[in-house]
Amino acid sequence: MKKLVLFISSLFCFSCTPNQQMQKIDVDTLIHSGLVFEGTDNPPKKLDIAICNQQICGISTEGRNTYQAKRTIDASGLIVSPGFIDPHTHSFDELKSLDKNHNSNYLFQGVTTVVNGNDGGGPADLSAAISQLNANGIGTNTAFYVGHGSIRKAVMGTAKRPASSDEIEEMKALVERAMQQGALGLSSGLYYVPGSFAKTEEVIELAKVAAQYKGIYDTHLRDESTFNVGFIAAVDEAIEIAKKADIHLHIAHIKALGVDVWGQSKDAIDMINNARGAGIRISADQYPWQASGTNIRSAVVPKWAMADSNDAFLARLDNRDTAEKIKQEIAENIRRRGGAEALLITASDDESILGLTLKELSEKLNLSNEETVFYLVRNGRTRVASFNMNKDDIIAFMQQPWVVTSSDGTNGHPRKFASFPQKYRKYVVDLEVIDLQRFIYSSTGQVAEILGITERGRLEIGKKADIVVFDPESYRPLANFKNWDLLTEGVKNVFVNGQETIKNGEYTGVLSGQIVKRISSN
């Protein structure tokens with residue numbers, strides 16, 4: 001703070017002597033001569049960025065003449081940006097671990113802050129999660145949602161029924177506790193069990209609690225295809241929740257999933273723009289891949305079959321009547337996703353089946369596609385990449401000013417290691433769908449504004465020093481669907497809370513991430 005005061009005072013030192021004006025200010029790090037994107041809609045500038053402890057303490061055009069730095073980074077020919085903020089990850093397990101808590105797959109993309117607890121899965125007891133991570137040490141900052149699914153499960157298990165008024169009150173109390181503990185807001189996964197069993201009114205009541213704390217409502221829509229209510233009806237439900245709860249709606253990984261809804265991006269965009277025009281606050285995030293990723297159960301098994309417990313689910317598979325009904329619905333769900341050849345096995349306890357499509361595995365086992373799904377769900381967890389999106393829909397969503405960048409990173413899918421460079425390389429450089437300024441703003445300052453974590457996301461004096469320096473020529477994804485866990489190349493330096501976690505393209509071993517809590521409304 002003393003260094004910051006000295007710097008600000010020097011800007012107004014009109015009566016200083018020449019010697020006083022020439023006195024250099026001590027800083028920890030100076031990033032010199034880079035093309036700086038400040039995390040705003042403003043064009044980039046050639047600037048020097050000074051770091052003192054955890055904060056940005058200086059921004060100028062003549063840094064070498066202004067500062068005395070312990071370390072100087074020559075960023076000539078490189079891009080300097082706020083650290084990217086990923087609003088939708090599944091990195092909590094890594095952050096809890098003792099060997100992957102560095103979160104290097106995100107650091108090497110330039111991501112310095114990740115969000116966890118999406119899709120309704122955020123911990124019901126946020127304080128316990130925060131304590132564990134603080135004790136463990138983490139490589140990136142992380143923020144949390146409180147999850148509707150986790151809270152519903154804590155109160156009423158996976159029962160397939162509406163919540164009673166008493167149960168809703170109990171759930172509301174858990175949401176309030178989490179908001180007091182620093183949650184960004186409430187997340188829901190209305191496509192998944194047990195969120196899929198909830199009525200709209202239940203979600204509205206819980207969202208109202210988050211709204212009282214200026215939180216947001218982040219949702220995996222009830223349907224992104226034609227699995228139940230349909231994509232457009234699910235968007236309408238989300239808007240209704242936002243309107244009645246008076247809360248900012250953020251749609252997770254927005255997409256038109258499956259052949260039945262290709263082209264419906266236009267209708268969804270029109271609905272959202274009309275709602276925004278009527279004063280409802282709405283944003284969304286998107287990962288830049290044509291394939292989604294989830295476990296095989298969630299992808300093709302009907303939700304009613306998974307109600308109550310895993311034992312009940314397995315019993316339904318063994319019952320002749322219910323098994324036949326489940327198979328019929330699985331067949332239809334496979335069709336919706338583009339067929340068995342469009343489902344690629346990306347993670348499994350049985351490594352021998354990795355890289356096979358569902359169609360190829362069915363042929364190998366000499367089973368029908370539906371019987372193969374039964375085989376998979378009975379034998380551990382299996383994840384699939386589902387190639388189910390149309391490129392025109394992806395582009396249409398990406399070009400909306402209210403859509404930001406995310407990864408939805410999961411094992412077996414390259415989005416976990418390469419979403420930000422994929423968006424840059426394919427949609428900025430190759431296809432020119434958006435420009436570089438839009439890419440950076442939608443990955444930094446705009447995300448911070450949506451989430452209410454405005455100490456980050458911009459290069460401004462007094463903000464946290466989360467900074468990435470990357471080479472626009474070599475920044476590119478290496479991960480793909482055959483080798484999903486290859487680190488991104490092209491990032492030269494990353495600072496997380498002022499500490500250098502990547503230096504000259506190498507991880508330094510520093511764990512300087514912090515828990516981030518919502519500090520303002522948007």
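- Side chains of Asp218 and Ser187: a donor-acceptor N/O pair is absent below 3.5 angstrom, by distance only.
- The pair Arg320-Glu324 does not count as a salt bridge, with every side-chain nitrogen at least 4.0 angstrom from each carboxylate oxygen.
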Is there a side-chain hydrogen bond (donor to acceptor under 3.5 Å, both in side chains) between Ser91 and Asn116? Walk through the geometry before answering.
CA-CA 7 Å; Ser91 58; Asn116 278 289; 3.1 Å; yes
Could you walk me through whether Lys244 and Glu240 pass the salt bridge (charged side-chain N to carboxylate O under 4.0 Å, His left out) check?
CA-CA 6 Å; Lys244 291 184 176 178; Glu240 178 189 359; 2.9 Å; yes
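- Considering Phe420, Tyr424, Tyr441 as possible partners of Phe84, the one that fulfils the ring pair (Phe, Tyr, Trp, His ring centres under 6.0 Å) test is Phe420.
- Distance check, rounded to the nearest 0.5 Å: CZ of Phe374 to CD1 of Ile326 gives 5.0 Å.
- Of the residues Lys208, Arg152, Lys172, the one that meets the salt bridge (Lys or Arg N to Asp or Glu O under 4.0 Å) test with Glu202 is Arg152.
- Taking a cutoff of 4.0 Å between a charged side-chain nitrogen and a carboxylate oxygen, Asp408 and Arg415 qualify as a salt bridge.
- Side-chain contact between Ile269 and Phe397: present, with at least one pair of heavy atoms (C-beta onward) separated by less than 4.5 Å.
- Electrostatic pairing of Lys416 and Glu94 counts as a salt bridge here, judged by a charged N lying under 4.0 Å from a carboxylate O.
- Looking only at atom types and distance, the side chain of Thr357 has no donor-acceptor partner in the side chain of Glu341 under 3.5 Å away.
- Comment: Asp466 does not engage Arg458 in a salt bridge, judged by the lack of any side-chain N to carboxylate O separation of less than 4.0 angstrom.
- Looking only at distances, a side-chain donor or acceptor of Asn274 sits under 3.5 Å from a matching main-chain atom of Asp270.
- A distance-only check finds no donor-acceptor pair linking the side chain of Ser298 to the backbone of Thr294 [under 3.5 Å].
- Of the possible polar contacts, one joining the Arg518 side chain to the Lys214 backbone as a donor-acceptor pair under 3.5 Å is found.
- Listed for the Asn118 side chain is a donor-acceptor partner under 3.5 Å among the backbone atoms of Pro87.
- When all heavy atoms of Leu343 and Arg337 are compared, the closest pair comes out as CD2-CD, 4.0 Å.
- Ion pairing between Arg335 and Asp260 holds under the 4.0 Å rule for side-chain N and carboxylate O.
- A donor-acceptor pair is defined here as one N or O able to donate and one able to accept, closer than 3.5 Å; such a pair exists between the side chain of Asn228 and the backbone of Arg222.
- Comment: Arg281 engages Asp246 in a salt bridge, judged by a side-chain N to carboxylate O separation of less than 4.0 angstrom.
- Of the possible polar contacts, none joining the Gln286 side chain to the His253 backbone as a donor-acceptor pair under 3.5 Å is found.
- Counting non-hydrogen atoms of other residues, nucleotides and ligands closer than 6.0 Å to NZ of Lys96 gives a total above 12.
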Given the rule in the side-chain hydrogen bond (donor to acceptor under 3.5 Å, both in side chains) test, do Ser164 and Glu167 qualify, once you have shown the distances and angles that lead to the verdict?
CA-CA 5 Å; Ser164 68; Glu167 288 167 336; 3.3 Å; yes
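- Atom CG of Asn411 sits about 12.5 Å away from atom OG of Ser348, to the nearest 0.5 Å.
- Taking the six-membered ring where the residue is Trp, Tyr191 and His220 present parallel rings, their angle staying beneath 30° rather than reaching 60°.
- Relative to the six-membered ring of Trp304, Lys325 meets both conditions, a distance below 6.0 Å and an angle of at most 45° to the axis.
- Using a 4.5 Å heavy-atom cutoff, the side chains of His248 and Ile282 are not in contact.
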Under the side-chain hydrogen bond (donor to acceptor under 3.5 Å, both in side chains) rule, what do Thr346 and His413 come out as? Steps first, then yes or no, please.
CA-CA 7 Å; Thr346 58; His413 196 302; over 6 Å; no
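- In terms of heavy atoms, Phe481 sits closest to Ala385 at CE2-CB, 3.8 Å.
- Between Glu370 atom CD and Asn333 atom CG the span is 10.5 Å, to the nearest 0.5 Å.
- Thr405 and Lys423 form a side-chain donor-acceptor contact under 3.5 Å, judged by distance and modelled atom types alone.
- Using modelled atom types, one finds no donor on one side chain facing an acceptor on the other under 3.5 Å when comparing Asn497 with Ser512.
- Side-chain polar atoms of Ser292 and Asn388 form a donor-acceptor pair below 3.5 angstrom.
- To the nearest 0.5 Å, atom CG of residue Asn134 and atom OG of residue Ser127 are 11.0 Å apart.
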